Amino acid sequence: MGQRFAPNEAGKAIAFFNLLLFAGVFLWQWGFGVAVTKLQSVLGTVNAYRVSMLLLAILSLVGYLVFLLTIQRAKIFAIAGIQARRA
């Protein structure tokens with residue numbers, strides 16, 4: 001990460017990246033807690049945790065697949081000599 005920025009900006013970039021990671025982890029944990037709380041009254045405590053873990057696993061798998069497809073797309077563009085558009 002620090003290699004993509006000028007030396008005087010690398011520290012700021014790494015600190016911001018760290019902030020994004022902490023915010024992402026917070027949202028995952030908060031969402032998990034909300035899911036368990038909402039499902040407890042319907043499924044009971046144990047099954048609420050099981051379903052919430054299953055949802056977490058499915059979302060993680062979808063995110064990983066998107067990552068793999070993005071990497072594969074970038075490799076195909078690089079092989080073809082095409083500059084990929086940045087969204």
Side-chain angles (χ1 to χ4, degrees):
M1 176 98 171
Q3 296 173 353
R4 293 183 148 255
F5 296 94
N8 60 338
E9 296 292 325
K12 293 176 187 176
I14 292 170
F16 185 69
F17 182 67
N18 194 27
L19 176 67
L20 289 178
L21 288 175
F22 275 99
V25 169
F26 167 76
L27 289 174
W28 273 111
Q29 290 179 350
W30 177 77
F32 185 82
V34 168
V36 169
T37 301
K38 298 289 184 188
L39 292 171
Q40 265 182 333
S41 61
V42 178
L43 302 174
T45 302
V46 174
N47 286 330
Y49 275 95
R50 286 181 181 157
V51 170
S52 297
M53 286 299 291
L54 179 64
L55 290 173
L56 180 66
I58 290 170
L59 288 173
S60 296
L61 181 63
V62 167
Y64 185 62
L65 289 174
V66 168
F67 169 75
L68 289 178
L69 292 173
T70 303
I71 294 296
Q72 188 64 30
R73 181 174 172 234
K75 287 180 183 177
I76 291 170
F77 279 128
I79 291 170
I82 301 170
Q83 181 70 24
R85 286 186 288 157
R86 300 221 181 242

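The analysis underlying the following values was restricted to heavy atoms, covering all of them including side chains, and did not include hydrogens, waters or symmetry mates. What you see is a predicted model; the values in this text were computed from it and never measured.
In the displayed structure, Tyr49 atom OH is contacted under 6.0 Å by at most 12 heavy atoms of other residues, nucleotides or ligands.
Under a hydrophobic-cluster definition in which Ile, Leu, Val, Met, Phe, Trp and Tyr are linked whenever side-chain heavy atoms come within less than 4.5 Å, directly or via other members, Leu39 and Leu56 are assigned to different clusters. Side-chain heavy atoms closer than 4.5 Å link hydrophobic residues (I, L, V, M, F, W, Y) into clusters, and following such links, even through other members, never connects Met53 to Val51. Grouping the Ile, Leu, Val, Met, Phe, Trp and Tyr side chains by contacts below 4.5 angstrom, directly or via other members, places Val36 apart from Leu55. In terms of hydrophobic clustering, with Ile, Leu, Val, Met, Phe, Trp and Tyr side chains grouped at heavy-atom distances under 4.5 Å, Leu27 and Val34 are assigned to a common cluster. A single hydrophobic cluster is not seen to contain both Phe17 and Val25; linkage of ILVMFWY side chains at heavy-atom distances under 4.5 Å, directly or through other members, places them apart.
Atom-to-atom distance recorded for Ser52:OG and Gln40:CD is 8.5 Å, nearest 0.5 angstrom.
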